[in-house]
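Notes follow once the structure below has been shown.
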Amino acid sequence: MDESYDPAAVEAAAQQHWRALDAYRAVEHDPRFPRGKFYVCSMLPYPSGKLHMGHMRNYTLNDVVYRFMRSSGFNVMTPMGWDAFGLPAENAAIEKRVAPAQWTRANIAGMKSQFAPMGFAFDWSREVTTCDPEYYRWNQWLFLKMLEKGIAYRKTQIVNWDPVDQTVLANEQVEDGRGWRSGAIVEKREIPGYYLAITRYAPELLEHVQHTLGGWPAQVRTMQENWIGRSDGCEISFPYAPDTRSLMKSDGALKVFTTRADTVFGTTFMAIAAEHPIALAAAETSARLAAFIEECRRGAVMEANLATQEKRGLATGLHVLHPFTGEPIEIWVANYVLMGYGEGAVMGVPAHDERDFEFAHHNGLRIACVVKSTSGAYEEVREPWKPAYSEYGITVNSGEFSGLGYEAAVAAIAAALEKKGLGRKRVQYRLRDWGISRQRYWGTPIPIVHCNVCGVVPVAEKDLPVVLPEDLVPDGTGNPLNKDERFLACACPRCGQGARRETDTMDTFVDSSWYYMRYCCPGAQTMVDERTAYWMPMDQYIGGIEHAVLHLLYARFWTMVMRDLGLVRFDEPFERLFTQGMLLAHCYYREDASGRKRWFYPAEVEQEFDERGTPVSAVATEDGKPVMYGGIEKMSKSKNNVVEPGEFIKRFGADTARAFVMFAGPPDQSAPWSDTSAEGVHRFLRRLWAFCHEHREQIPLAKRTQVTDATLKKIRRELHSTLQQALFDYQRMQYNTVVSAAMKMLNALETVKRPDAVTLLHEGVSILLRVLYPVAPHITHVLWQELGYAAEMGDLLDAPMPQPEPAALHQDELELVVQVNGKLRGHVTVAAEASEEAIKSAALAQQPVQRFVEGKPIRKVILVPGKLINIVV
RNA sequence: GCCCGAGUGGCGGAAUUGGUAGACGCAGCGGACUCAAAAUCCGCCGCCCUUAAAAGCGUGUCGGUUCGACUCCGACCUCGGGCACCA
């Protein structure tokens, strides 16, 4: 055994040992593990090129779970794969003139090699790469099944259009309303695309998130609940007035959805989206309206933009009739009404809705108060807006429905509407169907063929996969598949005539909706097989909080679809979910004349902080001139604030890297990266090594004897109570305090200064090594072997977690806190079984306590057993 | 704008979920060892007053509940995540 700790040698030896054992290959029904299977998985990474500290944190977390659960006797499996399709590969292609496939595969190879030194327990025989035809063929296959079931369907969608580059832009590619490369003002454009009917599953998705996903963080459940957004309300039809009737050449009605049917008599205008059919029809005869709609079309489609923009509208001059009074109501086109939600039209009730109020005020529309406040918060509605105006109350000025409370009014109005055939109660979800078409090259081809004779025809199942050519290089102007004859030309599956392939590809969220099921069954000739049934549902899923809604909802939906097709037998894919926080880093930029930002690497910048640690200014090292401080943001390639683990591992070793990222803070919270305290963790591992080296001869020879000495008993109690805390923290995945616990154990063991204490040392070190092992597996593995524990208890991989001994935790005397009126005034040591009376008099006998109690009557005494006594005077 | 989080010493954070605020570590200060440095070891380390002791203040801000609040409730401020084509 070397005298000093050499991480490189230790880690090479440990990894060689595990490699020789093929230690992480997981086998279904492995008889070595009586407690059954445990499937732990981290969200698969996008192969951006370099592994960064954020990845390190995620996968260390994953690895700690793996090792802890295996030490607890489970047949644990943890896989790894690559989310290999997506936009960044196309961007790299444009910039570097290299095919996305080539770039992606090179990145995968690079990142895989960066994983190697970390000692992660991945079962690489299960690797999934989503751009492999053998993977994405099943995306296509399930898509065809969904088409058959009517879950997948075709309809128009609104996208960001860059009129200069003639290309569809992702939201991310829109900066301040302009295309990121061309700088042109972005427009909205309607094109056909495929949707998946996730809204059909909205009730079940909601039901489970409210009642069955107990292993999920409350925060995520709330976010999903709000995202699905169930509203109970009414659908109301406002029949067309003659002017609208003649324009639309129909005697239809304008349908709206409202949660406030009780306010229907307060409707003073109707607001419709710019893309609404009535708006489009009206625009044909009105230049002003056409111009306004054109204006609404400008700008991107992001909801954050729509919600913050000034609410504007224009009257159409058309009318509908109030369903009860028959009064004509004017239709307005408004930029805040979304075509994608509800009916694309709302009834404007300015008296009781803040947005309508603002809109009416702005456009000089009538405000009709139809609800009377029950709390007397207002008599009449007038400027400025008060939140009380939208509260429930008693209906007034509402004809036969006046004088009713909210629920009674809604019930009565809905019943009356239903009788007239002008409405009914309905549940509306905020959730929208999932548009999966992308006008992009680097994704799963949508298996559809366009035939001049037969129209839109699905590819036959036997012709799957539709393989994506891997040698195209996009140039930023449209989808290169549109220019690739080899890909385009095909025969119509129905009539056999020459036809053309669909060139849209699928959203990459499709790939990530089920990869974790494919990990379970590498090489299967079907989408999933019986091995999937063994490992799924996943026991522990780990991933970033930024995926709380989209990915985690799509994956749940996809699972339900697979279940309904008979492919799997469970309802939910993820039993327990852990959302880890992100690693953040400082970022710096400079803006050029056109407003474009250039981001600097932290290494290119010198940052100055004031004495409170707040950044004050920064200059670029290259020219000494100031750069703008962009705050602390999530590590991302586009902001150049990524910290790579390579250097760090070279300096300190993988165990220090692992222990340090765990020690840095609670894993479910985001943390700013800083390596200043890494020294402390490394020092701890060196001390551990030195301590074991010092006792390398006594420990293997130790005999088990009782610890009777009072000082040693105290140390032993500390050891066992720290162990208890560590196990609790393992369970709740608070690994930062697990590392603290290991440090405390070493601190305690170092106070053993007696040569005859070998029993305690033997026990203590065996506990410490096993507690630290999941976090720092290499050093603990080597020490475990060197000190003879492996011979005694077997390989550390499968050595059971130690358990605290009740006898070791027992205390004869307790120190209680003494409070007077809730303020700490002293301590008192009493026998463990002392009576309340005895404790009380002991507490009152205390000098400082006397001083505060003196002369005042004691009103109450509160005793918290084993903790404190509070005297209230 | 809407939804979800977070805010504790100079810094990262702890407080087993209403019961001793600051565990564990970093940085800093003092000391030992050393010709010296590094490494290592020992001690101190929230603020204020003070020679010291004792008291007082203290978990973003303001208010409330409680014998007792970092923890629960209300309002606000700041920062972070998401908002459906980044992944």
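The sequence lines fix the lettering, A, B, ..., with proteins before strands; numbering per chain opens at 1.
From F728(A), atom CZ reaches atom CD of Q734(A) across 8.0 Å, with rounding to the nearest 0.5 Å.
Looking at heavy-atom distances under 4.0 Å, Q724(A) makes no contact with the nucleic acid at all. When heavy atoms are screened at a 4.0 angstrom cut-off, P666(A) is found touching the sugar-phosphate backbone but no base atom. Looking at heavy-atom distances under 4.0 Å, Q725(A) makes no contact with the nucleic acid at all. Heavy atoms of W227(A) sit under 4.0 angstrom from at least one base atom. Heavy atoms of G435(A) sit under 4.0 angstrom from primed sugar atoms or phosphate atoms, though from no base atom. Using a 4.0 Å heavy-atom criterion, one finds that T308(A) contacts the bases of the nucleic acid, with or without backbone contacts as well. Residue contacts for H547(A): at a heavy-atom cut-off of 4.0 Å it reaches a base atom on one of the strands shown. Using a 4.0 Å heavy-atom distance criterion, Q734(A) is classed as a sugar-phosphate-only contact.
T156(A) is linked by a side chain to side chain contact (heavy atoms under 4.5 Å, CB included) to E190(A), counting only residues two or more places apart in sequence or in another chain. Y336(A) meets the ring-ring contact (aromatic ring centres under 6.0 Å, His included) test with F359(A); sequence neighbours excluded.
A syn orientation is assigned to rU17(B), its glycosidic angle lying within 90° of 0.
Per the geometry, NE2 belonging to H682(A) stands 13 Å off P belonging to rA39(B), to the nearest Å. Distance R859(A) CZ to rU66(B) C1': 12 Å, rounded to the nearest Å.
The neighbour count for R651(A) CZ, taken as heavy atoms of other residues, nucleotides or ligands under 6.0 Å away, does not exceed 12.
The gap from the C1' atom of rG10(B) to that of rC44(B) amounts to 16 Å, rounded to the nearest Å. Using atom P as the reference point in both rA75(B) and rU16(B), the two lie 26 Å apart (nearest Å). The P atoms of rU71(B) and rG63(B) are separated by 15 Å, rounded to the nearest whole Å. Nucleotides rC73(B) and rC86(B) have their C1' atoms positioned 39 Å apart, rounded to a whole Å. Separating the P atom of rG28(B) from that of rC2(B) is a span of 46 Å, rounded to the nearest Å. The gap from the P atom of rU66(B) to that of rG60(B) amounts to 23 Å, rounded to the nearest Å. One C1' atom belongs to rG58(B), the other to rA15(B), and the distance between them is 16 Å to the nearest Å. Atom name C1', nucleotides rA39(B) and rC49(B): the rounded distance is 41 Å, in whole Å.
The phosphate of rC83(B) has neither OP1 nor OP2 within less than 4.0 Å of any side-chain N or O from R430(A). Residue N821(A) places no side-chain N or O under 4.0 Å from the OP1 or OP2 atom of rG68(B).
Here W82(A) and Y515(A) keep their ring centres 6.0 angstrom or further from each other. For an aromatic pair to be called close, the ring centres must be under 6.0 Å apart, and F85(A) with Y136(A) satisfies this. Between Y730(A) and Y735(A), the distance separating the two ring centers is shorter than 6.0 angstrom.
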ask   = What string of B, S and - do you get for nucleotides 18-24 of chain B, 5' to 3', when a contact is any protein heavy atom under 4.0 Å?
value = -BB--BB
note = A correct dot-bracket answer for RNA chain B, with pairs being Watson-Crick or G-U at under 3.5 Å, [ ] for crossing pairs and | for inter-strand pairs, is (((((((..(((......[....))).(((((.......))))).((........))..(((((..]....))))))))))))....
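The side chain of V159(A) lies closest to rC85(B), out of rC4(B), rC85(B), rC26(B). Side chain of R732(A), nearest nucleotide from rG25(B), rU17(B), rC85(B): rU17(B). Across rC4(B), rU40(B), rG12(B), the shortest atom-to-atom separation from the side chain of A664(A) is found for rG12(B).
For the segment residues 187-197 of chain A, no residue has any heavy atom less than 4.0 angstrom from an atom of RNA chain B.
Residue-to-nucleotide contacts include no donor-acceptor pair under 3.5 Å from the side chain of Q173(A) to the base of rC85(B).
Ion pairing of R687(A) with E750(A) is present here, as a side-chain N (NZ or NE/NH1/NH2) and a carboxylate O approach within less than 4.0 Å.
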Show me the donor-acceptor pairs within less than 3.5 Å that the side chains of residues 818-827 of chain A make with the rest of the protein, sequence neighbours left out.
residue: N821(A); atom: OD1; partner: V873(A); partner atom: N; Å: 3.0

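For the 3.5 Å distance criterion, the side chains of N58(A) and S42(A) fail to qualify, holding no donor opposite an acceptor.
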